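Heads up: the structure comes next, in structure tokens.
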Amino acid sequence: MRDSTATGPVPAQIAGRLMAWYDRHARALPWRVPPGVAQRPDPYRVWLSEVMLQQTTVAAVKGYFHAFTARWPTVQALAAAADDDVMAAWAGLGYYARARNLLKCAREVAARGGFPDTRAELQRLPGIGPYTAAAIAAIAFDRPEAVLDGNVERVMARLFAVETPLPAAKPALTELAAALTPLQRPGDHAQAVMDLGATICTPRSPACGICPVMAFCAARASGIAATLPRKTPKPAKPLRRGIVHVARRHDGALLLERRPARGLLGGMLGWPGSAWEETPRPAPPLEADWHTLEAEVRHTFTHFHLRLQVQVARVPPAAQPERGGFIARQEFDPQGLPTVMRKVWSLAGPALVD
DNA sequence: CAGCCGTGGCG
DNA sequence: TCGCCAAGGCT
């Protein structure tokens, strides 16, 4: 539902310019039906791509999208997948709550016989918030819903010279985006604004000279385009430290532990170790002759920097760990680990070679 | 509702 | 090297 439409002369002109530009310059993307093709995209592929694209770049998503759609071509297939297989397939993409919610959502959708086709119903599903619900409704079901993501926020802030910093400006930007959304081809309009933000109206050094709506842009007119949108400064990231333990049994098996379902790296496999805090206390998963590696692993999460000390040990076949379990060398695939754990393996693996 | 939640690329 | 940023959602 919108409280306004693109009926005013200026919004209609802007939307028209955007659509004409999109018809000529739309990027070819694996989940996208090109403009002008009279065919609705598969809601499953729209949903999957939109969830993967949450706070994630197109380049990072492409490979995962191909892997998922090849292995699970339908929402029914994904709904029937094993949890651990989906988590391992998602490994490296980040924000692992998305993968957990993806499975929950797939199972709800499969059980009800398909995706709902309205924004309100879509938003009741796990992992689908205001943005994703609007995007699926507009792109897959041709509903005139306005999407508001980081790209749209930036384009609206500049077009209409909104100087209020985010997140306070969000309601105003939402209204502007809704006022610009046309009743015809709302899905293409949404993708046009996002494409514009991704390729021309970029965060730094926007290419205003080739922008299809330059003539309408208030920020461009006053020379402040590159300074918008304003944002309230974020606090600095603190440094946390940790100690991880990589145990290799004589038969090659490796000691791994599945992390708690919620929280950081929730539900993912990892190496056992200490908590990550200012001054961690060692927490070896079993008694062994631990050897500390010289190099540390450095990694940055959303809200803190991490430095990990890595300890390795070879342990006898009868070793009984207090936490985690041994995984046979042949079943171990570092690609199924989150990136920080892959970094640990890249140091520990060579140190444990026979 | 503000804090939590990954990762990689870029300037 | 470092901070910013990306097709946000959950609690």
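Per chain, numbering begins at 1; letters A, B, ... match sequence-line order. It should be emphasised that the depicted structure is a prediction, and the values quoted were computed from it without experimental measurement.
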Spacing between [X] atom [atom1] and [N] atom [atom2], to the nearest angstrom:
X	N	atom1	atom2	result
A:Arg98	C:dG8	CZ	P	9 Å
A:Arg307	C:dT1	CZ	P	10 Å
A:Gln335	B:dG6	CD	P	18 Å
A:Leu337	B:dT7	CG	P	11 Å
A:Arg100	B:dG6	CZ	C1'	12 Å
A:Lys343	B:dG6	NZ	P	14 Å
A:Leu148	C:dG8	CG	C1'	11 Å
A:Tyr96	C:dG8	OH	P	17 Å

Going by atom types only, do [X] and [Y] share a side-chain donor-acceptor pair under 3.5 Å?
X	Y	answer
A:Arg32	A:Ser49	no
A:Tyr131	A:Glu50	yes
A:Gln54	A:Thr132	yes
A:Glu121	A:Gln123	no
A:His303	A:Lys237	no

C:dG9 to B:dG8 separation - P atoms, rounded to the nearest Å: 22 Å
Distance between the P atoms of B:dC1 and C:dA6, in whole angstroms? 22 Å
If you restrict it to nitrogen or oxygen atoms, what contacts under 3.5 Å exist between nucleotides 9-11 of chain C and the protein, and what is each distance?
{"unit_1": "C:dG9", "atom_1": "OP1", "unit_2": "A:Gly129", "atom_2": "N", "d": "2.8"}
{"unit_1": "C:dG9", "atom_1": "OP1", "unit_2": "A:Gly129", "atom_2": "O", "d": "3.4"}
{"unit_1": "C:dG9", "atom_1": "OP1", "unit_2": "A:Thr132", "atom_2": "N", "d": "2.9"}
{"unit_1": "C:dG9", "atom_1": "OP1", "unit_2": "A:Thr132", "atom_2": "OG1", "d": "2.7"}
{"unit_1": "C:dG9", "atom_1": "OP2", "unit_2": "A:Pro130", "atom_2": "N", "d": "3.4"}
{"unit_1": "C:dG9", "atom_1": "OP2", "unit_2": "A:Tyr131", "atom_2": "N", "d": "3.2"}
{"unit_1": "C:dC10", "atom_1": "OP1", "unit_2": "A:Gly127", "atom_2": "N", "d": "2.7"}

Give me, pair by pair, the N or O atoms of the protein and of nucleotides 2-6 of chain C that are less than 3.5 Å apart, along with how far apart they are.
{"unit_1": "C:dA6", "atom_1": "OP1", "unit_2": "A:Arg154", "atom_2": "NH1", "d": "2.4"}

Less than 4.0 angstrom between a side-chain N/O of [X] and OP1 or OP2 of [N], yes or no?
X	N	answer
A:His299	B:dG6	no
A:Thr339	B:dT7	yes
A:His303	B:dG3	no

With a sphere of 6.0 Å drawn around CD of A:Glu287, does it hold more than 12 non-hydrogen atoms of other residues, nucleotides or ligands? no
Indicate, with a heavy-atom threshold strictly under 4.0 Å, whether A:Trp90 touches base, sugar-phosphate, or nothing. nothing
Touch check for A:Leu93, heavy atoms < 4.0 angstrom, all strands: base, sugar-phosphate only, or nothing? base
Taking the six-membered ring of A:Trp276, is NZ or CZ of A:Arg259 closer than 6.0 Å to its centre and within 45° of its axis? yes
Output yes when A:Glu278 and A:Arg241 qualify as a salt bridge under the 4.0 Å nitrogen-oxygen rule, no when they do not. no
Quick one: pull up CE in A:Met341 and NE2 in A:His299 and give me the separation to the nearest 0.5 Å. 9.0 Å
